[in-house]
Amino acid sequence: MGNDAQHGPDGGIEIRPIVREELAVWDRAIARGFLRPHVAPATEWRELLFEPGRMLAAFDRDDPTPEGPRCVATFRSYDTGITVPGGARLPVDAITAVTVNSTHRRRGLLSGMMRQDLSAARERGSAAAILIAAEHNIYGRFGFGSAAPLAGWRVDVLRSGGLREDLPVHEGHRIDFIDLDEFRKLGPELHERWRPTRPGAIGRPDHWWRLRSGALELPGFDWKEGFTAVHRTADGTVTGLISYAVEDKWDGAYPDCPLTVRDFLALDAPTANALWKFAFSVDWVRHVVAAGLGPGDPLPLLLKDPRGARPHEETADFTWLRLLDLPAAFAARRYEAPGRIVLDVTDRYGWTAGRWALEAAADGTGRITPTDDAAELALEISQLSALYLGGETATRLADAGLVTELAPGAARSATTLLRTARAPWNPDSF
């Protein structure tokens, strides 16, 4: 246990990092917390992910089992980087596997695990933390804000008329199917070239590629081999990838198959155009379903009739972010317009609280520094975190009563200062 052990609000609960021998118990607690039937322990998967000190658990010493006190809550984090406006990579603490058993809710277990992890993340030098929120109302109180939503589309191929003929593509390009070995070989390098082009993108570790190519089995993960194709320019350079599955569905004697896009990477618009043309040309496909696209994706405008596309039903907030080090975070990103605004930030943990002057120069660089100047905009750290990547606007938050203007026009000034040409997008769960 060492110095990392904590006691929960009642003396019978202990929060601490688990040891490797407790992975099976931790795995069972995750299934229970997510209300899922427990299948065979994902031993190989958990072993790959295990990192001393980064898998936390709460143990109830008043509920003994043959293995020891029952594990009633779980929490895991790992280090990764997130692309910020301008293409730089910000070190962040990625939080996942957060559960509290139904028998132990409202007892401060999540608060204890979250505080312990975020404190350690700050000490390690993480400028922010990220997570995917299962419920909207939980994580704002810990300083997280919705920073990179998803906005997918479901396109009726017949109603849309397919893609416009005038869309530019690379001269001499080609699209080729690849097998799973090639996917594991070509995919990571392409993704690393794609990441700097999209604020919000995070890393894909080796086990990500192994899991999604069938090289690694995870009980409960419903993987089935689909189809993967890459786009190559005339000189053979890979500039895009699409992975998809097709459901064999018929309306009597007529094909009615949906093509579901699993992964879509394109380094430029001509590559994206070619890959979408390919997807819309697949025989028997009646609908193209792309749930994991970014806000503002131009797919509907590529169609002959944009009304053939409708928002995917799973469109929602997705990646949440919590700033931990304001000077590091705001110096890392770039700005599209010069300006200055003074913020009064509230933070329940005190880590980012205070009055800050956010300034951007004409060359796109910026900084945030403590100041005694009069504040112009008052907001909680959760709201500033939502604004950081450019996926939310201060004017919208002001209209919703979530930030307070202390000077006329302050929300508009903050919106102009933090806006981005492309909305942030992270297509990957973690």
Checklist entry - Less than 6.0 Å separating the ring centroids of Phe221 and Trp223? => result no

Checklist entry - Do NZ/NE/NH1/NH2 and the carboxylate oxygens of Glu165 and Lys304 come within less than 4.0 Å? => result yes

Checklist entry - Would you say the side-chain atoms of Ser77 and Arg54 include a donor-acceptor pair closer than 3.5 Å? => result yes

Next on the checklist: Between Asp117 and Arg122, does the salt bridge (charged side-chain N to carboxylate O under 4.0 Å, His left out) criterion hold? Intermediate values first, please.
Outcome noted: CA-CA 9 Å; Asp117 182 78; Arg122 293 183 72 245; over 6 Å; no

Checklist entry - If you take all heavy atoms of Ala97 and Thr74, which pair is closest and at what distance? => result O-OG1, 2.8 Å

Checklist entry - Taking atom types as modelled and ignoring hydrogens, do the side chains of Asp235 and Thr237 form a donor-acceptor contact shorter than 3.5 angstrom? => result yes

Name the atoms and distances for all side-chain donor-acceptor pairs under 3.5 Å in residues 286-302, with sequence neighbours left out.
{"from": "Arg286", "atom 1": "NE", "to": "Asp156", "atom 2": "OD1", "distance (Å)": "3.2"}
{"from": "Arg286", "atom 1": "NH2", "to": "Asp156", "atom 2": "OD2", "distance (Å)": "3.3"}
{"from": "Asp297", "atom 1": "OD1", "to": "Leu299", "atom 2": "N", "distance (Å)": "3.0"}

Next on the checklist: Suppose we screen for side-chain contact (heavy atoms from CB on, under 4.5 Å). Which residues come up paired with Glu135, at least two apart in sequence or across chains?
Outcome noted: Ile138

Checklist entry - Are Arg46 and Glu22 within salt-bridge range, i.e. N to O under 4.0 Å? => result no

Item to check | Derivation of the salt bridge (charged side-chain N to carboxylate O under 4.0 Å, His left out) call for Glu44 and Arg210 | outcome: CA-CA 12 Å; Glu44 181 182 7; Arg210 293 175 61 193; 3.8 Å; yes

Checklist entry - If we ignore angles and hydrogens, is there a donor and acceptor under 3.5 Å between the side chains of Thr83 and Arg195? => result no

Checklist entry - What heavy-atom pair brings Thr371 and Ala357 nearest, and what distance separates the two atoms? => result CG2-N, 3.6 Å

Checklist entry - Can you tell me if Trp250 and Asp248 form a side-chain donor-acceptor pair at under 3.5 Å? => result yes

Next on the checklist: When you measure from the side chain of Tyr388 to the backbone of Ala329, do you find a donor-acceptor pair of N or O atoms at a distance under 3.5 Å?
Outcome noted: yes

Checklist entry - Pick from Thr415, Leu384, Leu397: which one makes a side-chain contact (heavy atoms from CB on, under 4.5 Å) with Glu392? => result Leu397

Item to check | Heavy-atom pair with the smallest gap, counting every atom of Ala423 and Arg198 | outcome: O-NH1, 2.8 Å

Next on the checklist: Pairing donors with acceptors under 3.5 angstrom, does anything connect the side chains of His231 and Thr239?
Outcome noted: yes

Checklist outcome for this item: The residue among Trp276, Trp425, Tyr244 that forms ring-ring contact (aromatic ring centres under 6.0 Å, His included) with Phe264 is Trp276

Checklist entry - Which heavy atom of Phe183 sits nearest a heavy atom of Ser243, and at what distance? => result CE1-OG, 3.9 Å

Checklist entry - Between Ile130 and Ile95, is any pair of side-chain heavy atoms under 4.5 Å apart? => result no

Checklist entry - Is the ring centre of Phe177 less than 6.0 Å from the ring centre of Phe278? => result yes

Next on the checklist: Using salt bridge (charged side-chain N to carboxylate O under 4.0 Å, His left out), reason through Asp428 and Arg212 one step at a time and then give a plain yes or no.
Outcome noted: CA-CA 12 Å; Asp428 297 323; Arg212 286 156 181 82; 5.9 Å; no

Next on the checklist: Working note: Asp305 + Arg159, criterion salt bridge (charged side-chain N to carboxylate O under 4.0 Å, His left out); need CA distance, chi angles, decisive distance, verdict.
Outcome noted: CA-CA 7 Å; Asp305 185 351; Arg159 288 187 178 183; over 6 Å; no

Next on the checklist: Looking only at side-chain N and O atoms, does Trp320 offer a donor or acceptor that is under 3.5 Å from a partner on Asp317?
Outcome noted: yes

